[in-house]
Trainee: 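Can you read through this structure? Questions will come right after.
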Amino acid sequence: MNAQNNSSQAHIRPTTSKITFKNRWDHFLARWAFNRMGHRVEPGLYSLGHPAADSHVFVSGNYTLSFDALRANLTRLDCYILVLNTKGINVWCAAGGGHFSTDELVNRIETTHLPEVVKRHVLILPQLSASGVAAHDVKKQTGFRVEYGPVRAKDLPEYLKARKATKEMRTVSFALYDRLILTGVEIAHAVIPLVVLGVIMFFISGLLAAAATVAAIFAGVVLFPLLLPWLPTPNFSTKGFLLGGIVVLPFVLLRCLGAADAEFWWRAGSILAYLLVFPSMTAFIALNFTGSTTFTSRSGVKSEIFTYFPVMAWMFCSGIVITIALALARFFIDS
Amino acid sequence: MMRNVYDFNTLQYDSQLCSGCRMCTIVCPHQVFEQNGKIAELIHPKDCMECGACQLNCPTDAITVDSGVGCAKAMMIAAVKGKKEPTCGCARP
Ligand code: SF4
Ligand code: SF4
């Protein structure tokens with residue numbers, strides 16, 4: 001019964017498929033980017049239930065969200081879980097970043113004495129780890145056969161029935177819920193820039209501009225991810241310009257109405273400044289969202305940065321210069 | 001289902017080298033390859049997001065792709081810090 005007896009050297013930690021309140025609290029904090037690198041599990045070999053020498057071995061990263069998603073979906077199963085040291089990073093990003101790798105897997109198989117613990121040398125890996133692991137190299141170096149399971153851990157029970165994944169199980173989706181979940185991290189990252197920019201805009205232009213700053217950043221951080229599929233232009237930057245432009249319109253109107261007796265040049269200048277500054281803020285955040293999606297290619301993002309980042313920078317800076325010029329002109333005319 | 005929005009990428013496939021092991025059809029998260037008889041066929045090249053999984057898991061080196069993270073933030077941070085390869089640490093489950 002006891003897994004520890006299988007090998008004198010193997011150190012196996014017990015775990016369960018139960019997600020406790022403490023786990024949920026940890027997931028909540030992770031999603032809001034609190035203590036970003038602190039959501040870790042100790043790497044090594046774990047036993048779930050009462051596994052035997054012919055039980056399945058699943059492989060995961062040591063990010064709590066990854067590990068917990070796996071074990072929560074392995075209810076009523078006796079198996080082993082091999083946790084790699086992925087530096088507390090999720091499976092996909094760790095695979096892309098070289099932490100969930102062939103070397104780490106080979107090394108972890110050795111240090112946990114896995115060959116002495118299990119008889120069937122087969123490992124089930126999450127499909128998204130494939131960009132870091134070369135299955136044939138693992139086979140060559142350790143004799144273990146790597147089998148790529150479904151993308152999502154929730155499909156594991158279905159997958160295990162036939163040991164085959166459907167097309168849906170093999171495809172990453174980026175549904176509304178997936179995008180919604182990500183906004184937590186995006187909001188957390190936006191807080192400091194939001195306060196800094198808001199204060200600056202307040203001092204050079206006033207309360208309305210500060211409010212427009214909040215709106216433009218909110219549009220980029222929350223509305224953009226949610227509306228992504230419905231924004232009609234082909235890339236992230238132009239989608240961001242479009243969204244930012246729409247969101248800033250009410251502020252442009254308020255600006256004009258609030259200064260109905262101002263000179264024409266001042267009103268025209270204000271409109272121009274608003275249309276330059278705020279859409280570029282939203283577009284910049286939109287461009288940054290490329291890293292959170294599941295379908296942007298590196299060469300594509302690179303070309304987008306080269307094409308649109310200079311546009312954003314020019315728009316933003318010239319808009320700020322106009323705003324300051326208007327404020328100074330107002331100051332000298334009034335005094 | 002959302003797809004890659006860019007209309008070019010660096011994915012290249014040489015069907016002459018393919019041994020038909022099906023690995024690429026298994027690992028690709030965007031169904032870019034499909035098994036056609038004895039070899040793999042490139043069916044949706046534009047959906048490729050350059051994750052590199054197929055290249056890494058192809059035992060005969062029939063596939064090449066300039067893989068890396070498609071993340072503007074990581075690339076800009078890398079550019080500012082003067083590093084060559086961007087790394088990422090987003091909080092995805
Ligand atoms: S690089 Fe990734 S997305 Fe592109 S074809 Fe290969 S596995 Fe599919
Ligand atoms: S992984 Fe390589 S050898 Fe195997 S089917 Fe795909 S292209 Fe052919």
Side-chain angles (χ1 to χ4, degrees), chain A residues 27 30-31 33 36-37 39 63 65-66 69 87-90 92-93 95-98 102 127-128 130-136 148 151 165 167 170-175 181-182 184-185 228-229 234-236 287-305 309, chain B residues 1-11 19 21-34 43-61 65-80 85-93:
Chain A
H27 300 170
R31 294 217 152 98
R36 273 181 72 204
M37 290 301 161
H39 307 277
Y63 182 46
L65 254 59
S66 308
K87 310 266 153 69
I89 297 172
N90 69 75
W92 197 350
C93 291
T102 305
Q127 186 190 326
L128 292 185
S131 51
V133 176
H136 54 279
Y148 290 108
V151 167
K167 265 203 172 127
R170 290 247 170 264
T171 309
V172 292
S173 57
F174 198 47
I181 273 283
L182 287 171
V185 178
L228 185 59
N235 56 47
F236 284 67
L287 177 59
N288 275 301
F289 195 66
T290 49
S292 305
T293 67
T294 49
F295 52 86
T296 49
S297 61
R298 182 166 79 145
S299 55
V301 173
K302 212 184 229 169
S303 79
E304 187 167 333
I305 294 177
F309 182 70
Chain B
M1 184 43 223
M2 298 212 53
R3 299 225 146 101
N4 189 1
V5 288
Y6 308 109
D7 50 12
F8 66 93
N9 59 50
T10 56
L11 180 69
S19 71
C21 73
R22 290 174 185 263
M23 214 54 186
C24 54
T25 63
I26 290 172
V27 297
C28 178
H30 288 287
Q31 311 301 317
V32 170
F33 290 93
E34 198 174 81
I43 52 165
H44 298 302
K46 280 187 181 169
D47 288 350
C48 172
M49 45 111 50
E50 302 179 335
C51 73
C54 53
Q55 167 177 268
L56 193 59
N57 282 281
C58 174
T60 62
D61 297 327
V65 56
D66 183 10
S67 66
V69 275
C71 172
K73 199 184 289 172
M75 285 182 208
M76 288 189 277
I77 291 172
V80 171
E85 265 311 299
T87 49
C88 84
C90 43
R92 205 192 283 116

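Values below: all heavy atoms of this structure, side chains included; hydrogens, waters and symmetry mates excluded. In what follows, chains carry the letters A, B, and so on, assigned in the order in which the sequence lines appear, proteins first and then strands, with residues in each chain numbered from 1.
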Trainee: Taking all non-hydrogen atoms of both residues into account, name the closest pair between B/Val27 and A/Gln127 and its distance.
Mentor: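 Smallest heavy-atom distance, with atoms named: O-NE2, 2.9 Å.
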
Trainee: Within this structure, what is the CG-NZ distance for the pair B/Asp66 and A/Lys302, rounded to the nearest 0.5 Å?
Mentor: 6.5 Å

Trainee: Residues in side-chain hydrogen bond (donor to acceptor under 3.5 Å, both in side chains) with B/Ser19, at least two apart?
Mentor: none

Trainee: Side chain, backbone, both or neither: which part of A/Lys87 has a heavy atom under 4.5 Å from chain B?
Mentor: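 Answer is neither: A/Lys87 stays 4.5 Å or more from chain B.
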
Trainee: What is the distance from atom NE2 of A/His136 to atom CG of B/Leu56, rounded to the nearest 0.5 Å?
Mentor: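 It is 7.0 Å, given to the nearest 0.5 Å.
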
Trainee: Taking every heavy-atom pair that is under 4.5 Å apart, which of A/Leu128, A/Val133, A/Val151 has the most such pairs with chain B?
Mentor: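 The answer is A/Val133.
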
Trainee: Determine the option with the most heavy-atom pairs under 4.5 angstrom with chain A, choosing from B/Leu11, B/Thr10, B/Ile26.
Mentor: B/Ile26

Trainee: Name the region of B/Cys58, side chain, backbone, both or neither, that has any atom closer than 4.5 Å to a heavy atom of chain A.
Mentor: backbone

Trainee: Which one wins on heavy-atom pair count under 4.5 Å against chain A: B/Ala53, B/Cys21, B/Cys28?
Mentor: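 That would be B/Ala53.
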
Trainee: Can you tell me which portion of B/Cys54 sits under 4.5 Å from chain A's heavy atoms? Options are side chain, backbone, both or neither.
Mentor: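 Contact with chain A involves no heavy atom of B/Cys54 at all.
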
Trainee: So which heavy atom on A/Ser131 is nearest to which on B/Cys51, and how close?
Mentor: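 Shortest heavy-atom separation between A/Ser131 and B/Cys51 comes out as CB-O, 3.1 Å.
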
